[in-house]
Amino acid sequence: MKIGLLTGGGDCPGLNAVIRAVGRKGIDYYGYEFIGLKNGWAGLMALDYKEMERKDFSGILHLGGTILGSSRTNPEKEEGGYDLAVENFKELNLDALIVIGGDDTLSVAQKLHERGIPVIGVPKTIDNDICATDMTFGFDTAVSIATEAIDRLHTTAESHHRCMVVEVMGRHTGWIATYAGIAGGADIILIPEEAFDMNDVIKKIQKRMNRGKFFSIVVVAEGYQLKEEGWNIQTKEKDNFGNIRLGGIGDLVAREIEKRLGIESRAVVLGHVQRGGTPTAYDRILGTKYGIAAVDLVNEGKFGMMTSLQGTKIRAVTIEEGVKESKTVDKETYEIAKVFFG
Ligand code: F6P
């Protein structure tokens, strides 16, 4: 059997762990051949690929990024679109396609599955917002990086009696903000799912000041909407999947706090630092489990399915279920975070 493998969308730590597991089990147990499609869907559209040997699946477990490259190419926006993708799949004599990606990349996988392509999905994103799975790999690494940053900002905030506003990634959901905020002891966490406005923020910081605490840590997800100002966006241009580039909400929040409370405030945008570098042990293990499960699903012929973490077990769900909607932060966890606000 000849299998195509691709990684699409924003990269995330743990992608190479998945690739390694797919390749190693695929070659050693099932005798599969692999083609690595370069840069996500762009590789399939342009027939840009590499025939992978066993040695290509070695020495990559600890590496961040993806050895296959990634992009936000969307076949729907390309000349010939899905027809070309189907034609190229046939041209390459592929028997199956393993697609490692977030909601955008997996929604393309679903469309190709509906057109008869045997596809298996593996959910990835630091945002942890994919449905039908408890966790995506990359999230744990992002939370660790953000937590370390918050710890560092704590000491300087305290020394200078400042309010530090930390902007973390999370386009539609506040998973990273909530988890890193809890782990880092944030005084307020602002996420897209919760209607916590500027007046609430001011009240909480004021409460701290009344207690003699003249520093605060505010964690804000990039997708948080400040009612008074609307979305803060870096550019109105959209990527191929219609996503606007976010960024700058932290600065708005910091300026507002300084204006209303007279407390010196600074914003720090963690940005792509959260996506780079070596994956945590947790993400390497989850990535490895997903990779093994994906190639097993190919072997069982269970196409149109996506690997999923349910509790501590790896299961399979339909890709359709996975891309249905964004998985938002659960109320229970946010309520825990709120206990420590102010
Ligand atoms: O989807 C993952 C993500 O890291 C989001 O949190 C963020 O908004 C986006 O990607 C950034 O995308 P890009 O790397 O294209 O700027």
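Everything quoted here is computed from the prediction, not taken from an experiment. Here, residue 1 is the first one in the sequence, and each next residue gets the next number. One-based numbering, in listed order, for ligands and for the atoms of each. Below, all heavy atoms of this structure are taken into account, side chains as well, without hydrogens, waters or symmetry copies.
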Taking atom 16 (O) of ligand 1 as the reference point, the nearest protein heavy atom with its distance: His272 NE2, 3.2 Å

Any salt bridge between Asp56 and Lys50, counting N to O under 4.0 Å? yes

Provide the number and element of each atom of ligand 1 under 4.0 Å from a heavy atom of Gly170. 6 (O)

For the 3.5 Å polar cut-off, considering only N or O atoms, please tell me whether Thr125 and ligand 1 meet it. no

Check Arg162 with Glu264, please: is the shortest side-chain N to carboxylate O separation under 4.0 Å? yes

Assess whether a salt bridge exists between Glu258 and Arg255, defined as any Lys/Arg side-chain N lying under 4.0 Å from an Asp/Glu carboxylate O. no

Phe215 six-ring centre to Arg208 NZ/CZ under 6.0 Å and within 45° of normal: yes

Any side-chain heavy atom of Leu6 sitting closer than 4.5 Å to one from Tyr49? no

Have a look at Met169, Glu222, Arg245, Arg171 and point out the one with the heavy atom closest to atom 8 (O) of ligand 1. Glu222

Is the closest heavy atom of Gln274 to ligand 1 under 4.0 Å? no

Distance from atom 15 (O) of ligand 1 to nearest protein heavy atom, with residue and atom: Arg72 NE, 3.1 Å

Under a 4.5 Å cut-off applied to non-hydrogen side-chain atoms, are Ile3 and Asp95 in contact? no

Could you check atom 2 (C) of ligand 1 against the protein and tell me its nearest heavy-atom contact, residue, atom and distance included? Asp127 OD2, 3.6 Å

Measure the distance from atom 11 (C) of ligand 1 to every protein heavy atom, then report the residue, atom name and distance (to 0.1 Å) of the closest one. Arg275 NH1, 3.5 Å

